[in-house]
K.L.:
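Got a structure for you, written out below as structure tokens; questions coming shortly.
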Amino acid sequence: MNQWRWIRSGVGDPAVNMAVDEAILIAHSEGKTAPTVRFYGWNPPSLSIGYFQKATHEVDLEEVRRQGIGFVRRATGGRAVLHDKELTYSMIVAEDYPGLPKRVTEAYRVLSQGLLNGFLNLGLDAEMVTLASEEEKAKYESIGSAACFDSPSWYELVVEGRKVAGSAQVRQREVVLQHGSILLDMDAKQLFSLLKFRNDSVKERLERSFSSKAVAINQLRQERGLTPVKLEEVEQAFARGIAEGMNIHLEEDELSPYELELAEQLVRDKYGSDDWNFRR
């Protein structure tokens with residue numbers, strides 16, 4: 001059984017959170033760290049957008065500032081996520097890791113098995129979306145909001161047809177970085193207040209659609225007559241799930257001085273800069 005690091009970073013600001021993920025990727029590519037699972041949170045609550053999104057076209061930046069919401073562009077694709085009451089995870093592992101498929105969608109399947117186990121550990125009957133048939137594609141078709149949880153992609157996780165985890169992946173330096181959000185609670189109204197729409201009617205329609213397609217852990221547990229879970233319980237459930245899903249042992253550890261130095265540099269030069277965050 002292979003040993004991976006388990007980093008529990010606590011809360012960080014948006015630039016630091018993204019910089020640390022990339023710093024681990026760089027260190028792992030250089031053979032200086034083992035494969036890593038990282039759990040973290042956000043302070044202040046923050047909006048992250050995908051690498052290819054146009055910040056000024058899709059985000060109401062004035063409203064983001066007015067509400068005191070943090071903002072950052074991810075190195076991964078996907079759509080906007082409001083990070084607040086959630087467990088954010090990242091997995092960093094070399095592309096040639098035994099059993100990790102070369103194809104992006106198949107790699108999602110392998111890495112997401114641990115997430116599936118985590119939901120099962122919390123008493124939620126999650127399943128992976130395959131989108132293999134036209135019927136399945138139509139079932140989850142998005143009507144076009146800029147929000148990440150609007151519709152699932154291949155091998156993302158749903159409970160009773162509603163998306164419960166949003167993930168994104170990037171490959172650099174022959175290393176895979178997959179990170180994503182596991183929502184304890186969700187405030188769709190606040191998320192949609194931070195995005196731009198043609199008019200209020202479109203906004204209301206998309207918000208209703210989003211609320212029918214996305215769901216958080218404690219909403220699901222409430223629907224089943226279960227008590228809400230706290231972050232510590234969710235962390236333990238997903239740590240066990242990932243270890244089982246990847247057939248690995250997670251050894252709790254801390255970031256190395258080298259990773260911390262890299263992260264500080266990446267905050268200064270990349271994730272904390274307007275050139276990066278508003279480049280599109």
Side-chain angles (χ1 to χ4, degrees), residues 2-9 12-40 48-53 72-79 81 83 88-115 148 153-156 166-181 242-243 245-280:
N2 290 327
Q3 182 167 300
W4 288 32
R5 297 191 307 166
W6 180 25
I7 306 290
R8 302 169 75 185
S9 297
D13 76 30
V16 169
N17 280 340
M18 295 298 91
V20 170
D21 274 354
E22 184 168 341
I24 298 172
L25 181 153
I26 293 170
H28 186 53
S29 75
E30 296 171 348
K32 295 178 179 177
T33 64
T36 300
V37 173
R38 176 175 171 245
F39 290 166
Y40 55 100
S48 76
I49 61 171
Y51 178 80
F52 297 102
Q53 286 190 280
V72 70
R73 180 184 298 279
R74 302 187 303 271
T76 53
R79 291 181 277 184
V81 182
H83 304 278
T88 313
Y89 80 90
S90 60
M91 299 185 203
I92 297 97
V93 60
E95 286 183 317
D96 62 359
Y97 183 82
L100 187 66
K102 300 298 183 187
R103 292 181 58 196
V104 172
T105 53
E106 291 302 312
Y108 265 116
R109 176 183 58 78
V110 170
L111 294 174
S112 296
Q113 180 61 49
L115 305 181
C148 172
S153 302
W154 275 85
Y155 298 122
E156 287 194 308
S167 299
Q169 194 181 107
V170 67
R171 294 176 179 230
Q172 298 174 355
R173 301 169 179 252
E174 300 182 330
V175 172
V176 178
L177 162 62
Q178 181 173 310
H179 56 193
S181 297
I242 291 169
M246 296 295 296
N247 191 29
I248 57 176
H249 174 69
L250 289 179
E251 182 69 26
E252 195 161 354
D253 201 354
E254 296 181 352
L255 295 170
S256 69
Y258 179 61
E259 289 168 314
L260 292 170
E261 181 182 346
L262 281 175
E264 289 178 5
Q265 180 181 338
L266 286 162
V267 169
R268 289 194 306 270
D269 298 344
K270 188 172 182 178
Y271 295 105
S273 73
D274 287 351
D275 285 347
W276 169 261
N277 288 317
F278 303 108
R279 64 186 299 172
R280 294 179 181 275

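Remember, predicted model here, so these are calculated numbers, not experimental data.
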K.L.:
Kindly write out the residues that satisfy ring-ring contact (aromatic ring centres under 6.0 Å, His included) with Tyr51, not counting sequence neighbours, or none if the list is empty.
P.N.:
Trp276
K.L.:
Whether the Arg74 and Thr76 side chains hold a donor-acceptor pair (N or O, under 3.5 Å, no angle test) is what I'd like checked.
P.N.:
yes
K.L.:
Taking atom CD of Glu254 as the centre, does the number of heavy atoms from other residues, nucleotides or ligands within less than 6.0 Å exceed 12?
P.N.:
no
K.L.:
Would you say the side-chain atoms of Ser112 pair up with the backbone N or O of Arg109, donor to acceptor, closer than 3.5 Å?
P.N.:
no
K.L.:
Are Val176 and Tyr97 close enough that some pair of their side-chain heavy atoms sits under 4.5 Å apart?
P.N.:
no
K.L.:
Apply side-chain hydrogen bond (donor to acceptor under 3.5 Å, both in side chains) to Asp253 and list each qualifying residue two or more places apart in sequence or on a separate chain.
P.N.:
none
K.L.:
CG/Leu25 to CD1/Ile92 distance, rounded to the nearest 0.5 angstrom?
P.N.:
7.0 Å
K.L.:
Is atom CD of Glu261 surrounded by more than 12 heavy atoms (other residues, nucleotides or ligands) closer than 6.0 Å?
P.N.:
no
K.L.:
What distance separates Glu251 CD from Trp6 CH2, expressed to the nearest 0.5 Å?
P.N.:
10.5 Å
K.L.:
Once you round to the nearest 0.5 Å, how far does CG of Leu250 lie from OG1 of Thr36?
P.N.:
10.0 Å
K.L.:
Is Met246 close to Val93 at the side-chain level, that is, under 4.5 Å between some pair of heavy atoms?
P.N.:
no
K.L.:
Considering non-hydrogen atoms only, spot the tightest contact between Gly77 and Ala168 and give its length.
P.N.:
O-CB, 3.5 Å
K.L.:
With a 4.5 Å cut-off on side-chain heavy atoms, are Thr88 and Asn17 touching?
P.N.:
no
K.L.:
Could you walk me through whether Glu259 and Arg38 pass the salt bridge (charged side-chain N to carboxylate O under 4.0 Å, His left out) test, one step at a time?
P.N.:
CA-CA 13 Å; Glu259 289 168 314; Arg38 176 175 171 245; over 6 Å; no
K.L.:
Rounded at 0.5 Å granularity, tell me how far CG in Leu177 sits from CZ in Arg171.
P.N.:
11.0 Å
K.L.:
Where do Ala263 and Ala19 come nearest, in terms of heavy atoms and distance?
P.N.:
O-CB, 3.5 Å
K.L.:
Distance-only, no hydrogens or angles: does the Tyr40 side chain make a donor-acceptor pair with backbone N or O of Ser90 under 3.5 Å?
P.N.:
no
K.L.:
Check whether more than 12 heavy atoms from other residues, nucleotides or ligands sit under 6.0 Å from atom CD of Glu252, and answer yes or no.
P.N.:
yes
K.L.:
For the pair Asn277 (side chain) and Tyr271 (backbone), establish whether a donor and an acceptor sit closer than 3.5 Å, ignoring hydrogens and angles.
P.N.:
yes
K.L.:
Using modelled atom types only, decide if a donor and an acceptor are shared between the side chain of His28 and the backbone of Thr33 within a distance under 3.5 Å.
P.N.:
yes
K.L.:
Determine, step by step, whether Ser29 and Gln172 satisfy the side-chain contact (heavy atoms from CB on, under 4.5 Å) criterion, reporting the C-alpha distance in whole Å, the side-chain angles of both residues, the deciding distance to 0.1 Å, and the verdict.
P.N.:
CA-CA 9 Å; Ser29 75; Gln172 298 174 355; over 6 Å; no
K.L.:
Taking all non-hydrogen atoms of both residues, which atom of Val267 and which atom of Ala15 are closest, and how far apart?
P.N.:
CG2-O, 3.8 Å
K.L.:
Identify the two heavy atoms, one from Ala27 and one from Leu262, that lie closest to each other, and give their separation to 0.1 Å.
P.N.:
N-CD1, 4.4 Å
K.L.:
So do the side chains of Leu100 and Leu111 get within less than 4.5 Å of each other, counting heavy atoms only?
P.N.:
yes
K.L.:
Check whether any side-chain N or O of Arg73 sits under 3.5 Å from a backbone N or O of Ser48 as a donor-acceptor pair, and report yes or no.
P.N.:
no
K.L.:
Restricting to non-hydrogen atoms, name the atom on Ser181 and the atom on Val81 that form the minimum distance, rounded to 0.1 Å.
P.N.:
OG-CG1, 3.5 Å
K.L.:
What are the two closest heavy atoms between Gln169 and Tyr108, and how far apart are they?
P.N.:
N-OH, 3.0 Å
K.L.:
Is the closest side-chain heavy-atom distance between Ser167 and Leu115 below 4.5 Å?
P.N.:
yes
K.L.:
How many angstroms lie between atom CG of Asp275 and atom CZ of Arg279, to the nearest 0.5 angstrom?
P.N.:
9.0 Å
K.L.:
How many angstroms lie between CG in Asp13 and CE in Met18, if you round to the nearest 0.5 Å?
P.N.:
10.5 Å
